[in-house]
2 protein chains.
Amino acid sequence: MRLSEKKITASLKRHGYKLTPQRRAVIGAIASSPDHLTTTALYQKVRQDHPAIGLVTVYRTLDILARLELICELHAGGSCRSYTIAAPGHHHHLICADCGEVIDFSGHYLTELEARLCRETGFEIEGHLLEFIGRCQDCQRAT
Amino acid sequence: MRLSEKKITASLKRHGYKLTPQRRAVIGAIASSPDHLTTTALYQKVRQDHPAIGLVTVYRTLDILARLELICELHAGGSCRSYTIAAPGHHHHLICADCGEVIDFSGHYLTELEARLCRETGFEIEGHLLEFIGRCQDCQRAT
DNA sequence: GCTCTAAATGAAAATTATTATCATTTATAT
DNA sequence: ATATAAATGATAATAATTTTCATTTAGAGC
């Protein structure tokens with residue numbers, strides 16, 4: 001279950017951040033897209049509603065949202081970093097190596113492994129990222 | 001089991017790439033480090049033996065090696081991209097959120113999940129990346 | 001070993017992504 | 001309504017990566 005826009009703004013306020021129109025616009029843009037978007041893509045999307053917004057503000061907002069774990073940051077091939085609304089505890093992606101499509105899937109397959117790694121390495125594990133790389137149906141056909 | 005330097009150079013030749021001293025130096029540097037290194041870190045390491053090498057050549061070599069899947073590319077927090085010798089089929093990392101230490105661990109925990117995802121989504125899965133984010137023992141103590 | 005040629009290199013410039021600075025504006029507690 | 005700390009946007013700075021291009025070189029063929 002993805003976080004709602006309302007929960008996100010509530011969490012921002014709870015943490016003492018002001019709720020500016022710019023922040024609302026960024027949250028709106030990210031919440032209304034099912035996909036992972038890069039900072040630049042998001043900037044362009046936000047500007048449709050809010051032409052005066054600065055790229056820097058988008059960066060700053062994403063930074064805050066990611067710290068609060070309200071959005072999910074994904075690092076992948078080439079030009080790094082993209083974001084999507086967080087689905088708490090789930091960071092499971094299926095990424096198409098050709099077209100870059102990202103599908104999220106849910107599941108808690110890793111609890112046991114996580115416990116074992118804690119024991120064996122002394123790491124304190126905070127989260128995980130599981131990505132499968134492959135080719136989506138469309139790109140398979142396109143070959 | 002990590003790929004040996006010899007296997008890497010053999011694969012390069014097999015694919016029609018020339019074996020230049022620069023490429024040997026980059027391969028040597030990456031093979032002799034147990035850690036993930038960023039391009040810049042690697043550049044500095046290579047320059048100890050080969051002071052005249054250009055940063056561009058390091059980029060180019062890493063690019064080729066990554067394409068041939070002879071090294072493993074890791075995208076993680078902040079200043080992206082680091083590399084280590086590939087251990088075919090294993091892309092399992094334990095990353096410290098504080099100091100950035102990366103520990104590789106082995107295991108084949110995902111085969112079953114992978115099969116299920118193929119069935120359900122029609123993706124053709126080529127590989128995966130499993131990262132646990134947490135804090136290593138040193139950084140836990142440092143708090 | 002010597003020659004030739006396509007491939008590789010390195011210097012420099014160009015792009016792109018991200019972060020810092022700072023004067024101005026604004027959300028919100030009072 | 002007002003005061004003020006926080007947020008914004010323009011600009012500049014930094015960092016990471018890629019492109020360009022003239023020069024050099026690995027290695028195939030003799």
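In what follows, chains carry the letters A, B, and so on, assigned in the order in which the sequence lines appear, proteins first and then strands, with residues in each chain numbered from 1.
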TODO: Return the value, rounded to whole Å, for the distance between atom OH of Y59(B) and atom P of dA11(C).
DONE: 16 Å
Open item on the list: Measuring only between side-chain heavy atoms, which start at C-beta, is S32(A) closer than 4.5 Å to E5(A)?
Closed with: no
Open item on the list: Checking A10(A) now: which residues fulfil side-chain contact (heavy atoms from CB on, under 4.5 Å) with it, not counting sequence neighbours?
Closed with: none
TODO: Give the angle between the helix axes at the two ends of the helix from dG1(C)-dC30(D) to dT30(C)-dA1(D), taking five base pairs at each end and rounding to 10°.
DONE: 50°
Task: Nearest-Å distance for atom pair CZ/C1', residues R23(B) and dT9(C) - done: 9 Å
- [ ] Identify the heavy atoms of K45(B) and A29(B) that sit nearest to each other, and give their distance.
- [x] NZ-O, 3.0 Å
Task: Atom-to-atom span, CG of L55(B) to P of dA16(D) - whole angstrom - done: 10 Å
List, one per line, each side-chain donor-acceptor pair under 3.5 Å for residues 12-27 of chain A, sequence neighbours excluded.
| from | atom 1 | to | atom 2 | distance (Å) |
| --- | --- | --- | --- | --- |
| H15(A) | ND1 | S11(A) | O | 2.8 |
| T20(A) | OG1 | R23(A) | N | 3.1 |
| R23(A) | NH1 | K18(A) | O | 2.8 |

Each nucleotide N or O in nucleotides 20-26 of chain D that has a protein N or O under 3.5 Å away: list the pair and distance.
| from | atom 1 | to | atom 2 | distance (Å) |
| --- | --- | --- | --- | --- |
| dA26(D) | N3 | K18(B) | NZ | 3.2 |

- [ ] With a 4.0 Å heavy-atom cut-off, tell me which residues in residues 42-54 of chain A come close to DNA chain D, sorted by residue number.
- [x] A52(A), I53(A), G54(A)
TODO: Report the distance from atom CD1 of I30(A) to atom NE2 of H36(A), rounding to the nearest 0.5 Å.
DONE: 9.0 Å
Task: Comparing R24(B) and T39(B) on DNA chain D - which has the more 5′ nearest nucleotide - done: T39(B)
Open item on the list: Go nucleotide by nucleotide along DNA chain D from the 5' end; which of Y17(A) and Y17(B) gets its closest nucleotide reached first?
Closed with: Y17(A)
Open item on the list: Are the side chains of T39(B) and Y83(B) in contact, using a 4.5 Å heavy-atom criterion?
Closed with: yes
Task: Distance, rounded to the nearest Å, where R67(A) contributes CZ and dT19(C) contributes P - done: 9 Å
Please output the side-chain donor-acceptor pairs of residues 48-65 of chain B that fall under 3.5 Å, not counting sequence neighbours, one pair per line with the distance.
| from | atom 1 | to | atom 2 | distance (Å) |
| --- | --- | --- | --- | --- |
| T61(B) | OG1 | T57(B) | O | 2.8 |
| D63(B) | OD2 | R67(B) | NE | 3.2 |
| D63(B) | OD2 | R67(B) | NH2 | 3.1 |

